[in-house]
Enquirer: 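Got a structure for you, questions after.
All ligand and atom numbering here is 1-based and tracks the order in the structure.
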Amino acid sequence: ANIITTRNVRLYYGDHEALHGIDLDFPKNQITALIGPSGSGKSTFLRCLNRMNDLVSGVTITGSLKLDGKDIYSPQTDVVALRKKVGMVFQQPNPFPFSVFDNVAFGLRLAGIKDHKLIQERVETSLKQAAVWEEVKDNLTDNALSFSGGQQQRICIARVLAVHPEIILMDEPTSALDPVSAGKIEELLLDIQDKFTVAIVTHNMQQASRISDQTAFFLDGKLVETGSTKQLFMAP
Ligand code: ADP
Ligand code: ADP
């Protein structure tokens with residue numbers, strides 16, 4: 001089953017057409033890598049999936065984008081609810097400037113969950129899934145910004161996992177990190193794959209081949225090739 005399906009997605013920044021009719025589906029429990037040169041439209045496309053482009057003025061988007069069969073761009077769409085189902089992790093770790101615990105609990109509290117025990121359990125599970133629990137468990141009340149960049153990024157991943165999104169969008173989540181931290185993130189993505197679905201933009205072909213099930217190659221705002229990562233990266 002596909003979590004998200006897109007058909008003939010076109011996006012214009014003013015009158016510049018940045019996406020020229022993209023068709024791409026995101027199968028449940030798979031990691032889809034979006035690769036291609038800088039400026040090819042990967043990030044623009046990713047941002048269509050949780051309506052982040054809505055924030056930019058002069059943007060026009062046409063085509064069909066569906067989450068669980070429902071139109072993402074319907075006037076009925078609750079964008080805040082959409083962004084809980086479609087979580088996002090950015091290139092630069094962006095924890096809120098308060099405690100690790102409150103970062104990870106943030107989305108749960110926003111969702112109206114009041115049961116402190118439940119919040120505690122969810123925070124712990126999410127930090128474990130994000131492979132950062134051991135490093136933060138004795139300092140959960142410390143400001144998230146006091147941790148290293150790699151730890152901050154894994155705290156941000158835990159923050160997204162905590163709200164149980166249907167799909168997690170990641171825009172070059174490891175390119176601001178050292179190789180060891182990047183490796184930890186690759187590993188945790190493989191570990192959570194039975195529970196989550198991921199779309200990851202990466203400029204790193206090796207990373208795409210190591211972690212993704214499906215690869216989509218972007219070039220000049222077009223999707224030039226989509227397929228199983230194993231087949232696409234197999235030597236001819
Ligand atoms: P990638 O993620 O593959 O590097 P982008 O999606 O960032 O590519 O960019 C695709 C194209 O859209 C580029 O030509 C870029 O200059 C243009 N673009 C991206 N963001 C904006 C914006 N906010 N306003 C105008 N043009 C933009
Ligand atoms: P919003 O500003 O739409 O209300 P929230 O502040 O409710 O978004 O964030 C709720 C959860 O979603 C947090 O765990 C946060 O990490 C994550 N999040 C923050 N910004 C975004 C975004 N642009 N897209 C998706 N998820 C986001």
Enquirer: Pull out every atom of ligand 1 sitting under 4.0 Å from any heavy atom of Ala18, numbered as shown with elements.
Expert: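 That gives atoms 12 (O) of ligand 1.
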Enquirer: Minimum heavy-atom separation for Ile72 to Leu49, with atom names?
Expert: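 Shortest heavy-atom contact: CD1-O, 3.8 Å.
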Enquirer: Identify, for atom 6 (O) of ligand 1, the protein heavy atom at the shortest distance, and state residue, atom and that distance.
Expert: Thr44 OG1, 2.5 Å
Enquirer: Which residue owns the protein heavy atom closest to atom 25 (C) of ligand 1, what's the atom, and how far is it?
Expert: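 I find the closest protein heavy atom is Tyr13 CG, 3.4 Å.
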Enquirer: What protein heavy atom is closest to atom 7 (O) of ligand 1, reported as residue, atom name and distance in Å?
Expert: Ser43 CB, 4.0 Å
Enquirer: Identify the closest protein heavy atom to atom 3 (O) of ligand 1: which residue and atom is it, and at what distance?
Expert: Lys42 NZ, 2.8 Å
Enquirer: For atom 8 (O) of ligand 1, which protein heavy atom lies nearest, and how many Å away is it?
Expert: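 The closest heavy atom on the protein side is Gly41 N, 3.1 Å.
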Enquirer: Between Asp78 and Arg83, does any side-chain N to carboxylate O distance fall below 4.0 Å?
Expert: no
Enquirer: Test your reading of the model: is there a side-chain donor-acceptor pair from Tyr73 to the backbone of Cys48, 3.5 Å cut-off?
Expert: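 Present.
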Enquirer: Identify the closest protein heavy atom to atom 11 (C) of ligand 1: which residue and atom is it, and at what distance?
Expert: Gly39 O, 3.7 Å
Enquirer: Under 4.0 Å from atom 15 (C) of ligand 1, do we find at least one protein heavy atom?
Expert: no
Enquirer: Classify the side-chain pair Thr141/Ser99 by whether it contains a donor and acceptor separated by less than 3.5 Å.
Expert: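 The answer is no; no qualifying pair exists.
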Enquirer: So for Ser38, does at least one of its heavy atoms come nearer than 4.0 angstrom to any atom of ligand 1?
Expert: yes
Enquirer: Testing the basics here: between Leu177 and Ala182, what is the closest heavy-atom pair and its distance to 0.1 Å?
Expert: CB-N, 4.4 Å
Enquirer: Donor-acceptor check, side chain of Asn204 to backbone of Gln207, threshold 3.5 angstrom: yes or no?
Expert: yes
Enquirer: Give me the ring orientation class for Phe101 and His116: parallel if the planes are under 30° apart, tilted from 30 to 60°, perpendicular past 60°.
Expert: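 The rings of Phe101 and His116 sit tilted, inter-plane angle from 30° to 60°.
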Enquirer: Need the ligand 1 atom indices (1-based, order shown) with element for anything under 4.0 Å from a heavy-atom of His16.
Expert: 14 (O)
Enquirer: For Ser181 and Asp178, which I'm curious about, is there any donor-acceptor pair between the side chains at under 3.5 Å?
Expert: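 Side chains of Ser181 and Asp178: pair found under 3.5 Å.
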Enquirer: Find all atoms of ligand 1 within a distance of less than 4.0 Å from any non-hydrogen atom belonging to Ser40, and give their numbers and elements.
Expert: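 With Ser40 as reference, the close atoms of ligand 1 come out as 1 (P), 3 (O), 8 (O).
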Enquirer: Which of the atoms of ligand 1 are close to Pro37, meaning less than 4.0 Å from one of its heavy atoms?
Expert: 3 (O)
